[in-house]
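Structure, as structure tokens:
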Amino acid sequence: LPSFSCICVTGGRTSFLEEAISCFVRQSYEGESELIILNTCPEQQLELGNGYDNVRIVNLRERPKSLGDARNIAITFAQNDWCVTFDDDDIYLPNHLSNFAKHADGNDWLWMTRQFYVVSWQIKSIVQGSANVLAFTKAAWETAGGYRSMNCGEDRDLVGRITAQSKGKRIDLADDEISFLYAWGQGSVYHQS
């Protein structure tokens, strides 16, 4: 089975982070997986209680200059072959990692073609898969040169370079297989994008 490192960059948004951790621990995937939480808020030191053996928090002493830089730092802590974006302001259903695992053989990237679009905690529609539903190997990330030092669009930029430079596959999902909810308007905290 492929091994996954879920990458969560966060900063001062603990209620959102709690939801992301909950989404991770509810994953039904039986292979190896870990959640790397990169805390970019030096004024706040995060800690986990007992029972989260495959969840690691890295508290930074200095905030990275961009979101792209933060994502690269988080990936350097990843111990598994595949990286999956796990933003703290979106929702990942229990079959999310399993959806990727079914198609990992012989590929360096996987991109889901469909996702739910959520506004104020209500599913509004099914839309085309965004940059948030890409899984990639660390080798593909290295070949592409990692994320660029950008605060917006760093994910779309990386998707373009990874899909152009490495072998991969777009995953077509039926309605009942969709595992990612792109969440917008979930309160007073701005979405990562």
Side-chain angles (χ1 to χ4, degrees), residues 1-10 20 23-38 54-56 58 64 66-116 126-174 177-182 192-193:
L1 295 173
S3 60
F4 293 100
S5 292
C6 299
I7 306 300
C8 181
V9 173
T10 192
C23 287
F24 176 75
V25 299
R26 290 186 313 216
Q27 290 298 303
S28 61
Y29 183 60
E30 294 181 4
E32 187 177 335
S33 64
E34 67 176 347
L35 176 63
I36 306 295
I37 299 167
L38 186 76
N54 57 344
V55 178
R56 285 189 294 146
V58 178
S66 73
L67 181 55
D69 293 335
R71 291 189 191 280
N72 286 330
I73 292 167
I75 290 172
T76 65
F77 288 96
Q79 296 179 348
N80 294 325
D81 296 330
W82 283 85
C83 296
V84 176
T85 301
F86 230 79
D87 287 344
D88 64 1
D89 49 10
D90 292 315
I91 300 165
Y92 305 84
L93 298 179
N95 60 321
H96 193 63
L97 294 180
S98 296
N99 276 343
F100 286 125
K102 294 175 196 173
H103 304 277
D105 253 3
N107 291 300
D108 281 313
W109 60 265
L110 301 164
W111 192 359
M112 295 180 191
T113 59
R114 305 171 79 212
Q115 65 189 36
F116 290 115
I126 295 173
V127 298
Q128 180 178 344
S130 65
N132 303 59
V133 287
L134 180 80
F136 51 89
T137 62
K138 284 179 77 174
W141 169 74
E142 289 169 358
T143 298
Y147 286 94
R148 291 204 172 119
S149 187
M150 303 165 67
N151 277 317
C152 185
E154 82 294 337
D155 49 0
R156 289 186 308 272
D157 175 72
L158 181 70
V159 167
R161 288 182 288 117
I162 280 184
T163 57
Q165 297 173 12
S166 299
K167 182 183 178 196
K169 175 181 180 181
R170 290 181 63 86
I171 304 170
D172 293 319
L173 298 172
E177 294 176 306
I178 297 173
S179 59
F180 175 72
L181 288 78
Y182 181 82
Q192 218 41 318
S193 60

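Below, all heavy atoms of this structure are taken into account, side chains as well, without hydrogens, waters or symmetry copies.
One finds the CG atom of N99 at 12.0 Å from the OH atom of Y29 (value rounded to the nearest 0.5 Å). Residue C6 holds its SG atom at 6.5 Å from CD of Q27, rounded to the nearest 0.5 Å. L97 contributes atom CG, which lies 12.5 Å from atom CD of E30 (distance to the nearest 0.5 angstrom). Taking CZ of F100 as the reference point, atom CG of L110 lies at 6.5 Å (rounded to 0.5 Å). In this structure, C8 SG and D90 CG are separated by 10.0 Å, a value rounded to the nearest 0.5 Å. Taking OG from S3 and CD from E34, the interatomic distance works out to 8.0 Å, rounded to the nearest 0.5 Å.
When the options V84, N54, L1 are evaluated for a side chain to side chain contact (heavy atoms under 4.5 Å, CB included) with S33, the one that passes is N54.
Shortest non-hydrogen contact noted between W111 and T163 is CE3-CG2, 4.2 Å. Listed here is the closest heavy atom pair of S166 and D108: CB-CB, 3.9 Å. Of all heavy-atom pairs spanning S179 and H96, the tightest one is OG-ND1, 2.8 Å. Across all non-hydrogen atoms, the minimal contact from L134 to V159 is CD2-CG2, 3.5 Å. Residue I73 comes nearest to T76 through the heavy atom pair O-OG1, 2.5 Å, listed as atom of the first residue, atom of the second, then distance. Minimum interatomic distance between R156 and A131 (heavy atoms only, all atoms of both residues): N-CB, 3.9 Å.
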(request) Run the numbers on N95 and S28 for side chain to side chain donor-acceptor pair (under 3.5 Å), then give the verdict. (result) CA-CA 6 Å; N95 60 321; S28 61; over 6 Å; no
(request) Tell me, with the steps shown, if L181 and L93 meet side chain to side chain contact (heavy atoms under 4.5 Å, CB included). (result) CA-CA 8 Å; L181 288 78; L93 298 179; 3.6 Å; yes
(message) Set out, in order, the CA-CA distance, both residues' side-chain angles and the distance that settles side chain to side chain contact (heavy atoms under 4.5 Å, CB included) for F136 and L158, then state yes or no.
(response) CA-CA 10 Å; F136 51 89; L158 181 70; 4.1 Å; yes
(request) Begin from the C-alpha positions of Y147 and W141 and carry the test side chain to side chain contact (heavy atoms under 4.5 Å, CB included) through to its verdict. (result) CA-CA 8 Å; Y147 286 94; W141 169 74; 4.0 Å; yes
(message) Under the criterion side chain to side chain contact (heavy atoms under 4.5 Å, CB included), I'd like the reasoning laid out for W82 against N80: C-alpha separation, chi angles, the key distance, then a yes or no.
(response) CA-CA 6 Å; W82 283 85; N80 294 325; over 6 Å; no
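Checking side-chain atoms of R71 against main-chain N and O of E154 turns up no donor-acceptor pair under 3.5 Å. Under the 3.5 Å distance criterion, the side-chain polar atoms of Q79 are left unmatched by any main-chain donor or acceptor of F4. Side chain of R114 to main chain of I171: no donor-acceptor pair is present (N/O by atom type, distance under 3.5 Å, no hydrogens or angles). Panel note: side chain T85, backbone N132; no donor-acceptor pair is recorded below 3.5 Å.
Considering only heavy atoms from C-beta on, F116 comes within 4.5 Å of I126 through its side chain.
F180 and Y182 have tilted rings, their planes meeting at an angle from 30° to 60° on a 0 to 90° scale.
Annotation: salt bridge (charged side-chain N to carboxylate O under 4.0 Å, His left out) contacts of R170 (sequence neighbours excluded): none.
Ionic pairing of K169 and D105 is not present here: no N-O contact between side-chain nitrogen and carboxylate oxygen is shorter than 4.0 angstrom.
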